[in-house]
Number of protein chains: 2
Amino acid sequence: MSPSPFPSAASGDPGVPSRRELNKAATRQAITDAAMDLLRTRGPGNFTVEDIADAAGISRRTFFNYFGSTEAALASVTFGFLDTALQQFRLRPAGEPILESARAALVELADPMTVAPVAELYSLGQTNPQLSRSELEAWDHCTEQIIDAARERFALTAAGDVDELYLRALAGSVISCGKAAMDVWFARCGGDLAPESLSVLRQLLIDSMGLLGSGFASHSPATPSPDRH
Amino acid sequence: MSPSPFPSAASGDPGVPSRRELNKAATRQAITDAAMDLLRTRGPGNFTVEDIADAAGISRRTFFNYFGSTEAALASVTFGFLDTALQQFRLRPAGEPILESARAALVELADPMTVAPVAELYSLGQTNPQLSRSELEAWDHCTEQIIDAARERFALTAAGDVDELYLRALAGSVISCGKAAMDVWFARCGGDLAPESLSVLRQLLIDSMGLLGSGFASHSPATPSPDRH
DNA sequence: GAAAATACTTGCCCGGAGTGCAAACATGCA
DNA sequence: TGCATGTTTGCACTCCGGGCAAGTATTTTC
């Protein structure tokens, strides 16, 4: 493992990242890196937890101290991705229309650094049931968090109780539309990370929010969104 | 197992349900029944595949000929439920606004016979990660099928290519709203199957479709839908 | 700075999941 | 009746996931 031999507390991090915390973070990262690497080289389903542990330089048992399964290790990538979106959402002003906040948060995702690992996972997961199952879980988890975030926001501006149906239906729909946009993007661009491809993704995300905001008004959906490139 | 000793081809079924087919269907049913029963009596996670096999009167190995896991066996219940909705959707006239079709299909679900097994699963699944994960899969599978159904429908009325983003975003949102309605219903009524409770569910489903159709227009969601009962 | 308290890693071991295989058994068809 | 085809079952094997206790690293206390 060889954790970096710095004396602790170098950068301007608040909260004193102790040696233990640094080690844990490093191990965690080593695991997901090893897992992603094996995924790339051997393909989904063709390696075991022991393989990951060996590649990460830890024991099989230790792997399970960090993640409950191979999929969980890989899903942490998607989790990070969706948490990014969530943070963006929380940063939006409370007065803003909520769909506009969602649109802004989603568009932030169409960034090379952010989307790259997920694009990889996504394309590999397309062919693999085990994998896509845990992807689903990550999206669902994100939905729950959006519900919480939206509930908090509304609690600020509204007096009485918040309508749970509104919250849950809205959050679920936003996530579904985000997912739809990514699905179409993959079908169209195959996870390509070139600028033109990312701009397609961005536009798809915007379009999907537009559809949602208009109540899917267009009854003749035979007009594909213009592929600018 | 003791399959029923009828000579085959009794009822007015088309397609000649052979003895083999009948046996398989019976075994399948016996498995899900046994699984649901164990779920009720022992709670989620407190029984093994072997337990189910014993209760169903088959070998452990045979269980795996039918389902890949305990969760898959239980999920087949949810699958049946969602397939009902899908059939309803396919029966709607092609000219009808698609959200109206979705609304009609979902409302059909608020029927005691249909919703009972799912209500049970749902409430048990609330506390169980393993279970809710496979529920997610079932909903997702249904989304895919709605996409197909909607694509077919649009292919009839529209000339050119169908907008995949529209399809996927719409189908995903409809399912999300249906899920949201069920979540709220469970939170409110705890899966109660009494007529008043079901009418609440029906209204929630209608309301959620209304929200979707209006683009979640109301920016002050502090107005809970009226609980008529 | 040494010793005690605490956190993390590891090996050992166990029960359960899931699957390939081949023998036994049931059903369908001629 | 007898052969072809499909289904069930036991067996053996790998992998998962986690409890436990001994060993190692880090932090705290004096």
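Reminder, nothing fancy here: chain letters follow the sequence lines and each chain counts from 1. No experiment lies behind these values; they were computed from the predicted model shown.
Tyr66(B) comes within 4.0 angstrom of sugar-phosphate atoms only, judged by non-hydrogen atoms across all strands, and of no base.
In the set dT7(D), dT27(C), dT9(D), the nucleotide with an atom closest to the side chain of Asn65(B) is dT9(D).
In this entry the distance linking CD1 of Ile31(B) with P of dT8(D) reads 9 Å, nearest Å. Rounded to whole angstrom, the span from the CG atom of Asp54(A) across to the C1' atom of dT9(C) amounts to 15 Å. Atom CD1 of Ile52(A) and atom P of dG17(D) are 10 Å apart (whole Å). Rounded to an integer number of Å, the gap from Arg19(B) CZ to dC25(C) P is 18 Å. In this structure, Lys24(B) atom NZ and dT27(C) atom P are separated by 14 Å, rounded to whole Å. Rounded to whole Å, atom C1' of dC8(C) lies 14 Å from atom CZ of Arg28(A).
Side chains of Ser59(A) and Thr62(A): a donor-acceptor N/O pair is present below 3.5 angstrom, by distance only. A donor atom on one side chain and an acceptor atom on the other are not found under 3.5 Å apart for Asp207(A) and Tyr166(B). Between the side chains of Arg153(A) and Ser101(A), at least one donor N or O sits under 3.5 Å from an acceptor N or O. For Gln87(B) and Asp83(B), the side-chain atoms include no donor-acceptor pair closer than 3.5 Å. For the 3.5 Å distance criterion, the side chains of Trp185(A) and Ser197(A) qualify, holding a donor opposite an acceptor.
Between Phe81(A) and Trp139(A), the two ring planes are perpendicular [angle over 60°; tilted spans 30° to 60°].
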Give each protein N/O atom lying under 3.5 Å from an N/O atom of nucleotides 3-6 of chain C, with the pair distance.
residue : atom : partner  : partner atom : Å
dT6(C)  : O2   : Arg20(A) : NH2          : 2.9

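By the 4.0 Å N-to-carboxylate-O rule, Glu120(B) lies close enough to Arg40(B) to be salt-bridged with it.
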Stepwise salt bridge (Lys or Arg N to Asp or Glu O under 4.0 Å) test for Asp140(B) and Arg133(A): CA-CA 9 Å; Asp140(B) 188 63; Arg133(A) 151 180 308 197; over 6 Å; no
Check against side chain to side chain contact (heavy atoms under 4.5 Å, CB included), Leu82(A) and His141(A): CA-CA 9 Å; Leu82(A) 294 174; His141(A) 176 250; over 6 Å; no
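At dT27(C), one or more side-chain N or O atoms of Asn23(B) fall inside 4.0 Å of OP1 or OP2 (strictly under the cut-off). Within the 4.0 Å cut-off from OP1 or OP2 of dT9(C), not a single side-chain nitrogen or oxygen of Thr62(A) is found.
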Per-nucleotide protein contact string for nucleotides 14-21 of chain C, where B marks a base within reach and S marks sugar-phosphate only (heavy atoms under 4.0 Å, - for neither): --SBBBBB
